[in-house]
Amino acid sequence: MSVRPATPSDLPVLKTLCAAFRAEHRAGAALPYEPDMFMESLAAAMKSDDVLLLILDDDQGFFLAALGVTPYSTVQVAHELIWYTRPEARGRGFSLFRAYMRWARAKQVEYVFLTLPEPSETMERLGFSRADIGYYMRLPPAA
């Protein structure tokens, strides 16, 4: 399985993969999204040592992660932001996860975070603990 860092020439593919990701994740599809602005953010992020942006072979998926701190402490953590594999390549996307873990270890972070659409026994078998369930709500405009 081939996983490689994304480059600026991958931005059109990333735009397509992001659209597919949003179409498959109902909740995310309802949140505001400006594709061109997001692609500009990804282009800038590619230059940062604190961001990981990977492409799965033959443009079958991508993984976006960043280093940061939690709202609760200054401990450096690795945060997965998007992990997407096209449906026809499911099962092969786990190589993106393995690359993320290697990156996190190389960055010597103490914790890694993942966001999955549902609980995963696989992740728990790998030593992860379920930490949270996310919700969102659109507020009506102020009068």
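Just so it is clear, the structure is predicted and the values come from calculations on it, not from any experiment. In what follows, residues are counted from 1 in the order of the sequence shown.
- Residues Val69 and Phe113 do not share a hydrophobic cluster, clusters being chains of Ile/Leu/Val/Met/Phe/Trp/Tyr side chains in contact below 4.5 Å.
- Counted within 6.0 Å of CD on Gln108, heavy atoms from surrounding residues, nucleotides or ligands total 12 or fewer; the atom is thus considered open.
- Under the 30°/60° scheme for interplanar angles, the aromatic rings of Phe21 and Tyr84 are found to stand perpendicular.
- Through direct or relayed side-chain contacts under 4.5 Å between Ile, Leu, Val, Met, Phe, Trp and Tyr, Tyr72 connects to no other residue.
- One hydrophobic cluster, built from ILVMFWY side chains closer than 4.5 Å, holds both Trp103 and Phe94.
- With values rounded to the nearest 0.5 angstrom, Tyr100 atom OH is found 7.5 Å from His79 atom NE2.
- Listed by chain and residue number, Ser9, Asp10 satisfy the side-chain hydrogen bond (donor to acceptor under 3.5 Å, both in side chains) test with Thr7 (two or more places apart in sequence, or in another chain).
- Between the side chain of Arg86 and the backbone N or O of Asp59 there is at least one donor-acceptor pair closer than 3.5 Å.
- Leu114 and Met101 fall within a single hydrophobic cluster, where Ile, Leu, Val, Met, Phe, Trp and Tyr are joined by side-chain heavy atoms under 4.5 Å apart, directly or via other members.
- Just one of Val112, Val109, Thr70 meets the side chain to side chain contact (heavy atoms under 4.5 Å, CB included) condition when paired with Val77; it is Thr70.
- Tested against Arg4 for a side chain to side chain contact (heavy atoms under 4.5 Å, CB included), the candidates Leu56, Asp57, Ile55 yield a single pass: Ile55.
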Which donor-acceptor pairs under 3.5 Å do the side chains of residues 35-49 make with protein atoms, sequence neighbours left out?
| unit_1 | atom_1 | unit_2 | atom_2 | d |
| --- | --- | --- | --- | --- |
| Asp36 | OD1 | Lys15 | NZ | 2.8 |
| Ser41 | OG | Met37 | O | 3.2 |
| Ser48 | OG | Asp50 | N | 2.9 |

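- For the atom pair CD1 of Ile82 and CG of Leu96, the computed distance is 12.5 Å after rounding to the nearest 0.5 Å.
- No side-chain heavy atom of Leu64 sits less than 4.5 Å from a side-chain heavy atom of Leu14.
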